[in-house]
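Let me begin by presenting the structure, written as structure tokens, before commenting on it.
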Amino acid sequence: MNVTALKAFCRRLPATRERLLDAPYNILVYSVGDRNYAWFKTSEPERWRFSFRTSAGRFLELTDMPGVKPARYMARHRWVTVVDVAAFPAAYLRELVRWSHAHAAAGLTRRRRTELGLVSVVAAWAASGT
């Protein structure tokens, strides 16, 4: 999966909002409601590095993989950074991003989830037990 395909995948997730934060942040953020679930770094030297939130168990698993490291400033919240998206298994990356999206949606109030049509997303995430 390349950067363009991953950006398109993130945009297709329910109730996703994409916004570009200019300098000094230089990140392309994907959020649901007011909760971020993924972003790309848009400036050099880290251009197109992709970060997302993961579970505690997956955090340990992922940070042991080559090309994946704890996200700067956000590792304490179990965010990881994939250095090269094209080198990461596409199906696994989609699964991880879906989890991050559902986790962010679960953090919204019940009323906000209903307004955004995310009730089924959160219910499926809760049923999966992750």
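If you read the sequence from its start, that first residue is 1, and numbering goes on from there. No hydrogens, no waters, no symmetry mates; every other heavy atom, side chains included, goes into these values.
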- Would you check, one step at a time, whether the test side-chain contact (heavy atoms from CB on, under 4.5 Å) holds for Leu62 with Leu96? CA-CA 10 Å; Leu62 289 167; Leu96 293 167; 3.9 Å; yes
- Item | Stepwise side-chain contact (heavy atoms from CB on, under 4.5 Å) test for Phe9 and Arg98 | CA-CA 10 Å; Phe9 174 77; Arg98 276 191 206 100; 3.7 Å; yes
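Closest of all the heavy-atom pairs between Lys41 and Tyr25 is NZ-O, 2.9 Å. Nearest heavy-atom pair across Arg58 and Glu95 is NH2-OE2, 2.9 Å. The two residues Arg35 and Leu108 come nearest to each other via the heavy atoms CG-CD2, 3.8 Å. When all heavy atoms of Ala106 and Arg113 are compared, the closest pair comes out as O-NH1, 3.1 Å.
Criterion: ILVMFWY side-chain heavy atoms under 4.5 Å apart, direct or through other members. Under it, Met65 and Val83 are not part of a common hydrophobic cluster. Trp48 and Leu21 fall into different hydrophobic clusters, defined by Ile, Leu, Val, Met, Phe, Trp and Tyr side-chain heavy atoms under 4.5 Å apart, directly or through other members. Val97 and Val3 end up in the same hydrophobic cluster when Ile, Leu, Val, Met, Phe, Trp and Tyr side chains are linked at under 4.5 Å.
Residue Leu20 holds its CG atom at 6.0 Å from CG of Leu28, rounded to the nearest 0.5 Å. Distance check: Arg53 CZ to Ser100 OG gives 8.0 Å after rounding to the nearest 0.5 Å. Atoms OG1 and NZ, on Thr63 and Lys69 in that order, are 12.5 Å from each other to the nearest 0.5 Å. Interatomic distance, Arg11 CZ to Glu18 CD, rounded to the nearest 0.5 Å: 4.5 Å. Residue Arg72 holds its CZ atom at 13.5 Å from CE of Met74, rounded to the nearest 0.5 Å. Here CZ of Phe40 is found 12.0 Å from CD1 of Ile27. Values are rounded to the nearest 0.5 Å.
Residues passing the side chain to side chain donor-acceptor pair (under 3.5 Å) test with Arg94, sequence neighbours excluded: none. In terms of the side chain to side chain donor-acceptor pair (under 3.5 Å) criterion, residue partners of Thr81 (sequence neighbours excluded) are, by chain and number, Ser51. Phe52 meets the ring pair (Phe, Tyr, Trp, His ring centres under 6.0 Å) test with Phe50; sequence neighbours excluded.
Between Thr114 and Thr109, every side-chain heavy-atom pair lies at or beyond the 4.5 Å cut-off. Side chains of His101 and Pro14 form a contact here, defined as non-hydrogen atoms less than 4.5 Å apart. For the pair Asn36 and Arg19, the minimum side-chain heavy-atom distance is below 4.5 Å. Between Val32 and Leu13 the shortest side-chain heavy-atom distance does not fall below 4.5 Å.
With respect to Glu115 and Arg112, a salt bridge is recorded, a charged nitrogen being found less than 4.0 Å from a carboxylate O.
Looking at Asp64, its side chain never comes within 3.5 Å of a backbone N or O of Glu61 through a donor-acceptor pair.
Aromatic ring pairs are classed by plane angle as parallel below 30°, tilted from 30° to 60° and perpendicular above 60°; the pair Tyr30 and Tyr37 is tilted.
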